Amino acid sequence: MSLMLSELETRGIVELVPDPDDGRARIVRFAEEANDTRRAAAKALHYLELKLVRPFRLPRPLRGL
């Protein structure tokens, strides 16, 4: 496991669960406790998009959090 994933798991941001289709793999998903943090990050990205991307009529790359 990468050091970054280990740190995110330790902080309760993500959880690693066994992949039911592959016993060697694990699935990374946001932890329930991280929903507030995830929503705050999505709002911050949306704000940046409004302030930085739209004035230049660039494509909208900030999606999916």
Side-chain angles (χ1 to χ4, degrees):
M1 173 176 27
S2 78
L3 183 59
M4 182 185 295
L5 279 179
S6 179
E7 179 68 22
L8 291 172
E9 184 180 34
T10 299
R11 291 177 181 228
I13 296 170
V14 299
E15 49 191 23
L16 303 166
V17 296
D19 184 332
D21 298 324
D22 183 351
R24 300 167 294 166
R26 294 194 288 176
I27 297 171
V28 180
R29 63 182 179 203
F30 281 107
E32 186 70 31
E33 298 82 21
N35 282 338
D36 290 341
T37 302
R38 186 177 53 81
R39 280 191 285 277
K43 285 181 181 181
L45 288 173
H46 180 69
Y47 173 80
L48 289 173
E49 178 182 9
L50 291 173
K51 295 297 180 184
L52 301 175
V53 176
R54 286 188 184 169
F56 297 101
R57 301 181 192 276
L58 298 173
R60 299 167 73 188
L62 306 174
R63 293 282 175 248
L65 262 185

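These numbers were taken from a predicted model, which means no experiment stands behind them. One is the number of the first residue; the rest follow in order along the sequence.
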Participant: Rounded at 0.5 Å granularity, tell me how far CD in E7 sits from CD in E9.
Facilitator: 10.5 Å
Participant: Output all residues satisfying side-chain contact (heavy atoms from CB on, under 4.5 Å) with N35, sequence neighbours left out; order by chain, then residue number.
Facilitator: E32, R38, R39
Participant: Applying the side-chain contact (heavy atoms from CB on, under 4.5 Å) criterion to L8, which one of L16, I13, L3, V28 satisfies it?
Facilitator: I13
Participant: Apply side-chain contact (heavy atoms from CB on, under 4.5 Å) to D22 and list each qualifying residue two or more places apart in sequence or on a separate chain.
Facilitator: D19, R24, A25
Participant: Linking Ile, Leu, Val, Met, Phe, Trp and Tyr by side-chain heavy atoms under 4.5 Å, what else ends up with L50?
Facilitator: none
Participant: My understanding is that only residues two or more places apart in sequence, or in another chain, count here; which of them pass side-chain contact (heavy atoms from CB on, under 4.5 Å) with E15?
Facilitator: R29, A31
Participant: Going by side chain to side chain donor-acceptor pair (under 3.5 Å), name the residues that satisfy it together with E33, two or more places apart in sequence or in a different chain.
Facilitator: none
Participant: Write down the atom of P18, the atom of I27, and the distance for their closest heavy-atom approach.
Facilitator: O-CD1, 4.4 Å
Participant: Side-chain heavy atoms nearer than 4.5 Å, only ILVMFWY residues, links allowed to pass through others: does that put V14 and V17 together?
Facilitator: no
Participant: I need the minimum non-hydrogen distance between A34 and G12, along with the two atoms involved.
Facilitator: CB-O, 3.9 Å
